[in-house]
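For the single chain, residues carry numbers from 1 onward in sequence order. All of these numbers come straight from a predicted model, not from anything done at the bench.
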Amino acid sequence: MIDPHQVNTIISTTICGFFANHPDAKIGIEEAKLLAKQIAEALNEAGLQIAAADSTSATD
């Protein structure tokens, strides 16, 4: 199982990166962390799972 903290960190970093180029719509790291947690919970409630890619089953 993937570490939920790691998932939230990846999502919140991506959110902050997205808003970095939008000066009129800045978002702080704490808000991004809360949003990331809500996104991960929504995916979980929808029955979706976040998992590491299986490198042994990669296709060319």
Practice task
Could you point out which residue of Val7, Thr9, Thr13 forms a side chain to side chain contact (heavy atoms under 4.5 Å, CB included) with Ile11?
Solution key: Val7

Fill in the blank from the handout: Rounded to the nearest 0.5 Å, the CD atom of Glu45 sits from the CG atom of Leu43 at a distance of 9.5 Å

Practice task
Hey, could you give me the CG/NE2 distance between Asn8 and His5, rounded to the nearest 0.5 Å?
Solution key: 8.0 Å

Problem - Same apolar cluster: Ile39 and Phe18, side chain cutoff 4.5 Å - result: yes

Practice task
To the nearest 0.5 angstrom, please state how far the OG atom of Ser12 sits from the CD1 atom of Ile29.
Solution key: 4.5 Å

Completion exercise
Rounded to the nearest 0.5 angstrom, the CD-CD1 distance for Gln6 and Ile50 is 10.5 Å

Exercise for the section: Could you grab the distance from atom CG of Leu35 to atom CD of Glu31, nearest 0.5 Å is fine? Expected result: 10.0 Å

